[in-house]
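Everything below concerns the one structure shown next.
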Amino acid sequence: MKKTLKYNFLFAAAAIGLLASCDQEDDSTLVQGYKPTINIDNTQFSVAEGEDVTINLSTNDPFYKTMEMKIELVGGNATFRDYTVDGDGDPATSEETGVDDGMGAIGHKLSFPAYASDYSFTIQPIIDMLPEGTETMKLRLYSAANSNGIIDQVITINVANYASNDVAVELDWTHTTADAHGTLVGGTYIGTDGKEHDFADWDFDFYVFDTDNPTATSPEYTGGASATGDAPEKALLLETDLVDGDYYVFVDFFARGTAPAKKFQFDINLNVAKVGVWNYSLPLKYFSDSPLTGAPVAKITKTGTTYTLVDYTTNEVLITGKMSDLTSTIRTFKKMKRN
């Protein structure tokens, strides 16, 4: 009888062991201190502004917890605000990191999902208004936060200037600057309540008309309206929508923010660019007590392949230039691809 009980006990113990071995979490990844290696498929890229760079990661040992990483700019002649980072999964976008969260310099946090063998994210050099040569960005991708996985790679991206036949317009009064760590900080002023308030709380808009004396029935160029409540306001005038002629930019001081303790003059600029070809920043004079009304401030003339920007108040030609040399841009991009 004792022998039978002994055998039954051994059989039960073996069965329990077998069941435990079938548990998805009972593998080498559960060993204390074990860290799977995360592999990357490519670290060298050549693209143009606006194109996605897809980074594919994999591991031979799917882990039972997320594996957190950080990607930060460590070299090249680009800046932190020259690109965006978006990850797969949940959350769908990456989380921007800063010096106050214990992760060091500003960057982006990414999470390789639990039990996953593969994970991808994208880096996109943004299309900006500036004409510039080829930029290079060096980004370090390494284990951070929970540091459950092992990876430390430098990704190099050569970025060609994007040039198009469109005109970008931006109205900015926010006094936004980047601090030493790259974090964007909006400008503030002191209100009558003695507290700090954001310049972005004030609301400016702009419109583009094909006449400098618009009425309720005027044929407004609808693609040029930017009255969204955003700060700054931005719009893109598509070349395919523009016939030869004059286009007038009206700035509308739509609403005030908290009353200031002392009257101030806005540091406000109308930025106009032939995307990737030329750009110009026109300072405008508005005060905190200026009338809430719209007025023309600039004229954009399209003549064949040439755009001309004129100060409406002084009739001074500010800048003029032909359409972009797309052939040259394509040649540069192809050469980068070959290299």
Side-chain angles (χ1 to χ4, degrees), residues 49 70-85 93-109 123-133 135-139 159 161-162 168-191 193-206 226 228-236 251 253-273 275-276 278-288 290 297-298 318:
E49 289 175 339
K70 179 184 176 184
I71 186 165
E72 66 180 70
L73 187 68
V74 295
N77 56 352
T79 70
F80 178 76
R81 298 298 169 184
D82 285 337
Y83 65 95
T84 60
V85 177
T93 56
S94 66
E95 176 185 349
E96 186 173 308
T97 68
V99 294
D100 296 329
D101 56 16
M103 293 185 67
I106 195 168
H108 293 87
K109 178 181 174 183
I123 303 168
Q124 186 187 83
I126 65 170
I127 297 174
D128 55 33
M129 300 173 69
L130 303 176
E132 40 194 11
E135 292 181 314
T136 299
M137 56 179 67
K138 292 184 180 294
L139 300 158
V159 185
N161 181 56
Y162 172 85
V169 182
E170 177 188 69
L171 185 67
D172 190 3
W173 64 97
T174 63
H175 294 216
T176 299
T177 57
D179 65 17
H181 305 288
T183 302
L184 294 180
V185 180
T188 60
Y189 66 96
I190 301 300
D193 56 4
K195 299 179 181 179
E196 285 191 349
H197 296 275
D198 295 332
F199 286 111
D201 293 340
W202 299 63
D203 190 2
F204 286 86
D205 300 319
F206 72 81
S226 187
T228 65
D230 289 344
E233 290 279 9
K234 301 178 181 180
L236 187 66
V251 171
F253 189 175
F254 184 74
R256 305 184 197 281
T258 299
K262 183 178 180 181
K263 172 183 174 179
F264 63 81
Q265 180 176 346
F266 279 97
D267 178 13
I268 180 170
N269 292 280
L270 181 72
N271 304 312
V272 182
V275 180
W278 56 256
N279 69 290
Y280 192 91
S281 184
L282 175 64
L284 304 176
K285 185 176 289 188
Y286 284 88
F287 294 88
S288 54
S290 290
V297 297
L318 303 175

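- Closest heavy-atom contact between P131 and N279: CD-OD1, 3.2 Å.
- The shortest side-chain heavy-atom distance between V272 and L318 does not fall under the 4.5 Å cut-off.
- Remark: Y280 pairs with no residue by the ring pair (Phe, Tyr, Trp, His ring centres under 6.0 Å) rule, at least two apart or across chains.
- If you check the side chains of N271 and S281, you find a donor sitting under 3.5 Å from an acceptor.
- Rounding to the nearest 0.5 angstrom, the gap separating the CZ atom in F253 from the CZ atom in F287 is 11.5 Å.
- Evaluation of the side-chain hydrogen bond (donor to acceptor under 3.5 Å, both in side chains) rule for T79 yields D82 as partners, not counting sequence neighbours.
- Aromatic ring centres of W173 and F266: separated by at least 6.0 Å.
- Among all heavy-atom pairs drawn from A273 and M129, the shortest one is CB-O, 3.4 Å.
- For the pair S288 and K263, the tightest heavy-atom approach, listed with the atom from each and the gap, is OG-CA, 3.5 Å.
- Residue I190 holds its CD1 atom at 11.5 Å from NZ of K195, rounded to the nearest 0.5 Å.
- Among residues two or more places apart in sequence or in another chain, the side-chain contact (heavy atoms from CB on, under 4.5 Å) test is passed with E132 by E49, D128, L130, E135, N161.
- When the side-chain hydrogen bond (donor to acceptor under 3.5 Å, both in side chains) test is applied to D198, no partner is found at least two apart in sequence or on another chain.
- Shown here for N77 and T136, the closest heavy-atom pair between the two residues is OD1-N, 2.7 Å.
- At least one side-chain heavy atom of L284 sits under 4.5 Å from a side-chain heavy atom of L171.
- Taking T84 as the reference, D86, Q124, I126 meet the side-chain contact (heavy atoms from CB on, under 4.5 Å) condition, with sequence neighbours excluded.
- In this structure A298 satisfies the side-chain contact (heavy atoms from CB on, under 4.5 Å) test together with V249, L270, L282, L309, sequence neighbours excluded.
- The salt bridge (charged side-chain N to carboxylate O under 4.0 Å, His left out) test applied to E233 returns no partner, not counting sequence neighbours.
- Shown here for F199 and T188, the closest heavy-atom pair between the two residues is CE1-O, 3.4 Å.
- For the pair P283 and N269, the tightest heavy-atom approach, listed with the atom from each and the gap, is CA-OD1, 3.3 Å.
- Legend: residues meeting salt bridge (charged side-chain N to carboxylate O under 4.0 Å, His left out) with K262, ordered by chain and number and at least two apart, are absent.
- Side-chain atoms of F206 and V297, non-hydrogen and from C-beta on, never get closer than 4.5 Å to each other.
- Residues forming a side-chain contact (heavy atoms from CB on, under 4.5 Å) with P232 (at least two apart in sequence, or on another chain): E170, D172, T174, K234.
- With sequence neighbours excluded, the residues forming a side-chain hydrogen bond (donor to acceptor under 3.5 Å, both in side chains) with Y189 are W202, listed by chain and number.
- With rounding to the nearest 0.5 Å, the separation of OG in S290 from CD in Q265 is 8.5 Å.
- Contact annotation: the side chain of Y83 approaches that of L73 to within less than 4.5 Å [non-hydrogen atoms, C-beta and beyond].
- Contacts of F254 classified as ring pair (Phe, Tyr, Trp, His ring centres under 6.0 Å), with partners at least two apart in sequence or in another chain: none.
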